K.L.:
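Here's a structure for you.
Quantities reported herein were computed from a predicted structural model and do not represent experimental measurements. Throughout, a chain's letter reflects where its sequence line sits, starting with A, and its residues are numbered from 1.
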There are 2 protein chains.
Amino acid sequence: MARAGVTVERLTRAAADLADEIGFENVTVSALARGFGVTDASMYSHIRNVRDLRTKVAILALTELAERAAAALAGRSGKDALVAFANAYRDYAREHPGRYAATRFELDPDSASAEAATRHSEMTRALLRGYDLPEPAQTDAVRLLHGFFHGYVSLETAGGFSHSQAVDASWARNLDALDVLLRNWPSQM
Amino acid sequence: MARAGVTVERLTRAAADLADEIGFENVTVSALARGFGVTDASMYSHIRNVRDLRTKVAILALTELAERAAAALAGRSGKDALVAFANAYRDYAREHPGRYAATRFELDPDSASAEAATRHSEMTRALLRGYDLPEPAQTDAVRLLHGFFHGYVSLETAGGFSHSQAVDASWARNLDALDVLLRNWPSQM
DNA sequence: ATCCTTTCTTAGGAGGTCTAGGCAAATGCT
DNA sequence: AGCATTTGCCTAGACCTCCTAAGAAAGGAT
């Protein structure tokens with residue numbers, strides 16, 4: 001009857017690790033409890049329900065991703081920044097597939113979750129500073145970039161982490177294409 | 001003890017409808033059985049397991065989406081084709097959120113599922129015909145477009161179907177940007 | 001009419017979510 | 001140090017989902 005020392009911090013990290021191992025959708029209260037050597041009912045002192053648990057993992061992942069993006073952008077601009085940012089995004093998804101899947105978890109608008117989500121967007125805006133886009137083009141570009149990154153990464157991870165030369169080359173060429181796009185952004189019409 | 005007349009066809013369609021109502025991830029064998037007025041165990045004469053059920057819905061949705069894309073592309077080329085294709089994609093996701101979510105379901109490589117999935121890609125290639133891209137640029141462009149469409153659509157549906165003027169305008173401007181990109185696709189380096 | 005296949009049933013095990021009520025350990029108060 | 005309170009964990013249990021096994025009934029084939 002000694003205490004297992006479960007805290008929300010440790011619990012969230014364990015859940016994130018578990019997600020990377022067995023997939024985000026398989027992160028369950030029971031499995032997590034087993035990992036700590038306690039009963040599932042005990043978990044409910046720390047979390048409200050499964051959704052709450054997944055939300056915590058999502059916020060953790062969004063925060064980590066924003067930090068990596070910030071590190072990648074430091075001291076870079078223009079295409080350098082674009083490539084560094086994109087690779088940070090892609091590498092994170094590869095190293096932490098479960099955490100990355102968690103970033104796609106739909107969190108409800110309230111809760112402090114908004115903070116982690118917006119930090120993510122702000123990094124993308126920082127990336128765009130080098131391209132000198134006016135509003136509203138900047139907002140459009142943020143959406144386009146997120147759309148592209150996510151789409152590409154999810155196609156890739158769905159394909160079984162092939163990490164082939166062909167895919168790498170395609171990725172690099174698409175970054176070239178995006179760079180061209182950002183430099184020639186249509187001003188009107 | 002009369003027969004409920006469940007067939008794989010009807011079952012798949014009912015599951016797809018259910019997905020649109022309550023979300024793809026909530027499509028459950030039990031819920032589906034309730035809808036037909038039979039026990040959950042009866043379902044297993046028609047499907048192998050939950051994964052099989054979801055796969056069937058995914059194939060249905062991919063097929064429908066490919067049909068819509070084909071209809072949108074008929075008689076169009078260049079930017080007209082791009083806009084029509086993109087709108088077909090987006091409209092489908094809006095009208096059938098559950099089915100659209102199903103198109104993101106990761107199906108295992110075997111099974112006839114591959115057919116429906118590739119039809120989807122072929123439509124995107126047809127769209128690109130008007131831009132006259134050589135290989136491998138064409139493959140890259142397919143990925144970029146899928147990435148963008150999916151990312152944008154999922155951001156939008158996650159945001160609660162706001163369908164605001166601002167989002168519509170952003171969408172239109174991003175299509176402009178993509179058109180510019182496809183016309184100025186970087187030939188090398 | 002009889003057999004065969006398909007569809008549906010009941011029964012039940014395994015495992016997941018979550019609540020209620022309770023005991024014991026850790027912490028805070030005086 | 002002694003006490004009360006909070007907190008962490010427990011058992012028990014209701015309810016849901018997935019899925020299998022064994023058998024009954026419906027419908028078609030011969």
Side-chain angles (χ1 to χ4, degrees), chain A residues 1-60 98 101-102 105-108 110-111 113, chain B residues 1-60 98 101-102 105-108 110-111 113:
Chain A
M1 304 247 165
R3 300 207 170 183
V6 177
T7 64
V8 176
E9 298 277 333
R10 297 216 305 141
L11 187 150
T12 305
R13 205 170 343 238
D17 291 345
L18 194 59
D20 286 336
E21 283 167 31
I22 64 174
F24 180 63
E25 75 281 4
N26 297 323
V27 170
T28 171
V29 177
S30 312
L32 197 57
R34 272 194 295 277
F36 280 101
V38 296
T39 65
D40 55 348
S42 309
M43 291 286 110
Y44 292 89
S45 314
H46 305 281
I47 58 169
R48 252 203 299 280
N49 48 39
V50 196
R51 177 167 187 81
D52 181 41
L53 172 62
R54 301 208 169 121
T55 300
K56 286 185 200 313
V57 176
I59 292 174
L60 172 70
F105 184 68
E106 185 170 341
L107 357 111
D108 32 25
D110 51 295
S111 81
S113 63
Chain B
M1 305 247 165
R3 299 208 171 182
V6 177
T7 64
V8 176
E9 297 278 334
R10 297 217 302 142
L11 188 149
T12 305
R13 207 173 338 242
D17 292 344
L18 194 59
D20 285 336
E21 283 169 32
I22 64 174
F24 180 63
E25 75 282 2
N26 297 322
V27 170
T28 171
V29 178
S30 313
L32 197 58
R34 274 194 293 277
F36 280 101
V38 297
T39 64
D40 56 345
S42 310
M43 292 285 108
Y44 292 88
S45 313
H46 306 279
I47 59 170
R48 252 203 299 278
N49 48 38
V50 197
R51 177 166 186 82
D52 181 42
L53 172 62
R54 299 208 171 121
T55 299
K56 286 185 200 313
V57 176
I59 293 173
L60 172 70
F105 183 68
E106 185 170 340
L107 356 112
D108 32 26
D110 52 294
S111 80
S113 61

K.L.:
OP1, OP2 of C:dC8 versus side-chain N and O of B:His46: anything below 4.0 Å?
P.N.:
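Yes, within the criterion.
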K.L.:
Within the side chain of A:Ser42, is there an N or O that forms a donor-acceptor pair under 3.5 Å with the backbone of A:Val38?
P.N.:
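Flag not set: sc A:Ser42 to bb A:Val38 has no pair under 3.5 Å.
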K.L.:
To the nearest 0.5 Å, what is the distance between CE (A:Met43) and CZ (A:Arg34)?
P.N.:
11.0 Å
K.L.:
Roughly, in whole Å, what's the span from CD1 in A:Ile47 to C1' in D:dT7?
P.N.:
16 Å
K.L.:
Can we say B:Asp52 and B:Lys56 salt-bridge, meaning some charged N sits less than 4.0 Å from an Asp/Glu carboxylate O?
P.N.:
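Salt bridge between B:Asp52 and B:Lys56, a charged N being under 4.0 Å from a carboxylate O: yes.
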K.L.:
Is B:Thr12 reaching over with its side chain to a backbone N or O of B:Val8, donor-acceptor style, under 3.5 angstrom?
P.N.:
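Flag set: sc B:Thr12 to bb B:Val8 pair under 3.5 Å.
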K.L.:
If I take atom OH in residue B:Tyr44 and atom P in nucleotide C:dT9, what distance separates them, rounded to the nearest angstrom?
P.N.:
14 Å
K.L.:
Rounded to the nearest Å, what distance is computed from the CG atom of residue B:Leu11 to the P atom of nucleotide C:dT7?
P.N.:
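Spelled out: CG on B:Leu11 to P on C:dT7 is 11 Å.
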K.L.:
Rounding to an integer number of Å, can you tell me how far B:Asp40 CG sits from C:dT7 C1'?
P.N.:
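My rounded result for the distance is 15 Å.
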K.L.:
B:Ser45 side chain: which of D:dC18, C:dT7, D:dC10 is closest?
P.N.:
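Closest of the options to the side chain of B:Ser45: C:dT7.
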K.L.:
Do any side-chain nitrogens or oxygens of B:Ser42 fall under 4.0 Å of OP1 or OP2 in C:dT9?
P.N.:
yes
K.L.:
Whole-Å distance between D:dT20 P and B:Asn49 CG?
P.N.:
8 Å
K.L.:
Check whether any side-chain heavy atom of B:Phe105 sits under 4.5 Å from a side-chain heavy atom of B:Arg51, and report yes or no.
P.N.:
yes
K.L.:
What nucleotide, of D:dC10, C:dT9, D:dC18, holds the atom closest to the side chain of B:Val38?
P.N.:
C:dT9
K.L.:
Between A:Asp20 (side chain) and A:Gly98 (backbone), is there a donor-acceptor pair under 3.5 Å?
P.N.:
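Yes, because the side chain of A:Asp20 sits within donor-acceptor range (under 3.5 Å) of the backbone of A:Gly98.
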K.L.:
Go nucleotide by nucleotide along DNA chain D from the 5' end; which of B:Ala41 and A:Ala41 gets its closest nucleotide reached first?
P.N.:
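It is A:Ala41, whose closest nucleotide lies nearer the 5' terminus.
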K.L.:
Hey, can you pull the residues of residues 22-34 of chain A with a non-hydrogen atom under 4.0 angstrom from DNA chain C?
P.N.:
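Per residue number, the list reads A:Thr28, A:Val29, A:Ser30, A:Arg34.
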